[in-house]
2 protein chains.
Amino acid sequence: MQQQDEEDLGIVDALAQLAFVVQGKLARHAAARDLSMIQARLLGVLRDREPTMQELARLLDLDKSSVTGLIDRAEKRGLVQRAPSGDDRRAIRVRLTKSGRQIATDVRRLFQADVASATQCLSSAESKRLSTLATRIVKSSAHAGGLPRMP
Amino acid sequence: MQQQDEEDLGIVDALAQLAFVVQGKLARHAAARDLSMIQARLLGVLRDREPTMQELARLLDLDKSSVTGLIDRAEKRGLVQRAPSGDDRRAIRVRLTKSGRQIATDVRRLFQADVASATQCLSSAESKRLSTLATRIVKSSAHAGGLPRMP
DNA sequence: TATTGTTATACTCTATAACTATA
DNA sequence: TATAGTTATAGAGTATAACAATA
């Protein structure tokens with residue numbers, strides 16, 4: 001093997017650049033469905049929840065007024081619905097429409113295929129090791145007060 | 001050890017969530033200097049280049065008109081300067097000011113410390129392995145037409 | 001004619017502050 | 001009074017299309 005292009009970037013640059021590569025893939029598939037990253041994240045967090053506007057603001061780390069606009073636009077496109085929250089008549093729950101769920105599923109599937117393709121340069125054992133190490137960092141950061149889950 | 005919270009996320013979710021954690025850290029330090037992510041990326045790519053507007057558009061994957069506005073705002077804040085490009089009188093080169101370079105360095109240093117802290121949960125050997133595997137994916141994606149380098 | 005950069009325009013995304021309705 | 005959500009406003013960030021200057 002030549003040494004050519006294979007110098008290690010170091011943990012800091014390797015993780016930073018990996019983050020941009022991975023988010024770039026997600027952004028690309030979202031854009032193919034005419035979704036911004038934040039709209040894609042929205043559909044992602046709604047896959048298994050029907051949060052209130054308030055909870056959504058916390059999940060997406062946005063101000064509640066930003067969420068109002070985000071949901072306005074998503075609702076206008078038929079991706080999500082506002083629904084009453086039962087007991088508390090101030091609260092509103094947001095949920096995916098059938099169309100929104102379909103698009104969320106499509107984007108996730110495309111992203112999965114892309115990540116699988118990007119990890120083709122790793123052996124099965126290496127891929128497993130990477131997954132294990134990445135999981136450790138994510139879990140550790142979550143304990144420290146990190147972000148919620150994603151796409 | 002209990003099995004508790006340690007199930008592997010799988011390579012797709014592990015990489016996706018890791019990307020959000022890492023970018024979240026970068027965004028946090030950038031915001032502490034009142035920089036958006038794109039402004040932080042801009043300072044990052046200018047650390048070792050004086051690109052034309054055109055080249056900057058390619059490096060940041062933006063339309064040239066978006067770059068005009070980005071540089072307008074950065075220049076107004078004293079972070080960058082426009083300078084003539086020598087031979088081609090149509091072209092303009094963008095470079096960091098002293099203040100811009102200082103801020104870029106500060107953000108990078110804070111981010112480095114944060115990544116180091118986040119990888120504390122890994123042994124030195126594990127950290128090296130993660131760095132190696134992440135580097136492989138980044139290099140492989142770059143060959144496939146990925147993004148340029150970052151912060 | 002082709003390329004480099006800017007301008008005009010329109011839209012998304014975001015936060016702050018003030019507001020309404022409910023608790 | 002406090003909480004959930006919206007509205008009004010302002011500004012960053014983005015792309016498209018039309019433009020000016022230079023090659």
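Sequence lines set the chain letters: A, B, ... in the order given, protein chains first and strands last, and positions in each chain run from 1. Since we're looking at a predicted model, the values are computed, not measured.
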Do the charged groups of [X] and [Y] touch, with an N to O distance under 4.0 Å?
| X | Y | answer |
| --- | --- | --- |
| B:Arg108 | A:Asp13 | yes |
| B:Arg82 | B:Asp72 | yes |
| B:Lys139 | A:Asp8 | no |

Rounded to whole Å, please give me the gap between [atom1] in [X] and [atom2] in [N].
| X | N | atom1 | atom2 | answer |
| --- | --- | --- | --- | --- |
| B:Asp72 | C:dA8 | CG | C1' | 14 Å |
| B:Leu62 | C:dG5 | CG | P | 14 Å |
| B:Leu70 | C:dG5 | CG | P | 14 Å |
| A:Arg77 | C:dC11 | CZ | P | 14 Å |
| A:Gln39 | C:dC11 | CD | P | 16 Å |
| A:Lys76 | C:dT12 | NZ | P | 7 Å |
| B:Asp34 | D:dA12 | CG | P | 10 Å |
| A:Arg73 | C:dA10 | CZ | P | 18 Å |

May I ask you to evaluate whether B:Arg89 reaches the phosphate of D:dA21, defined as a side-chain N or O under 4.0 Å from OP1 or OP2?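 For D:dA21, OP1/OP2 do not have a side-chain N/O of B:Arg89 under 4.0 Å.
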
Has B:Ser66 got a side-chain N or O lying under 4.0 Å from the OP1 or OP2 atom of D:dG13?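 Looking at the OP1 and OP2 atoms of D:dG13, neither is under 4.0 Å from any side-chain N or O of B:Ser66.
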
Apply salt bridge (charged side-chain N to carboxylate O under 4.0 Å, His left out) to A:Arg93 and list each qualifying residue two or more places apart in sequence or on a separate chain.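 With sequence neighbours excluded, A:Arg93 shows a salt bridge (charged side-chain N to carboxylate O under 4.0 Å, His left out) to A:Glu55, given in chain and number order.
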
Quick one, A:Phe111 and A:Arg28 - any side-chain contact, counting heavy atoms below 4.5 Å?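 A side-chain contact is absent here, since even the closest heavy-atom pair is not under 4.5 Å.
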
Could you check whether any side-chain heavy atom of B:Val94 comes within less than 4.5 Å of a side-chain heavy atom of B:Thr52, counting everything from C-beta outward?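 SC-SC contact between B:Val94 and B:Thr52 ruled out.
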
Both A:Ser36 and A:Ser65 contact DNA chain C. Which one's nearest nucleotide lies toward the 5' end?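 The 5'-side residue here is A:Ser36.
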
Could you tell me whether B:Asp87 contacts a base, only the sugar-phosphate backbone, or nothing, with contacts defined as non-hydrogen atoms closer than 4.0 Å?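 Sugar-phosphate contact only.
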
Given D:dT14, D:dT16, D:dA23, the nucleotide with the shortest approach to the side chain of B:Asp63: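 Nucleotide nearest to B:Asp63's side chain: D:dT16.
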
Just the atom pairs and distances: protein N or O near nucleotides 1-5 of chain D's N or O, under 3.5 Å.
unit_1, atom_1, unit_2, atom_2, d
D:dT3, O4', A:Arg90, NH1, 3.4
D:dT3, O2, A:Arg90, NH1, 2.6
D:dG5, OP1, A:Met53, N, 3.3
D:dG5, OP1, A:Ile92, N, 2.7
D:dG5, OP1, A:Ile92, O, 3.1
D:dG5, OP2, A:Gln54, N, 2.6
D:dG5, N7, A:Lys64, NZ, 3.0
D:dG5, O6, A:Lys64, NZ, 3.0

Identify the residue among A:Arg101, A:Arg33, A:His29 that makes a side-chain hydrogen bond (donor to acceptor under 3.5 Å, both in side chains) with A:Asp106.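 Only match with A:Asp106 under side-chain hydrogen bond (donor to acceptor under 3.5 Å, both in side chains): A:Arg33.
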
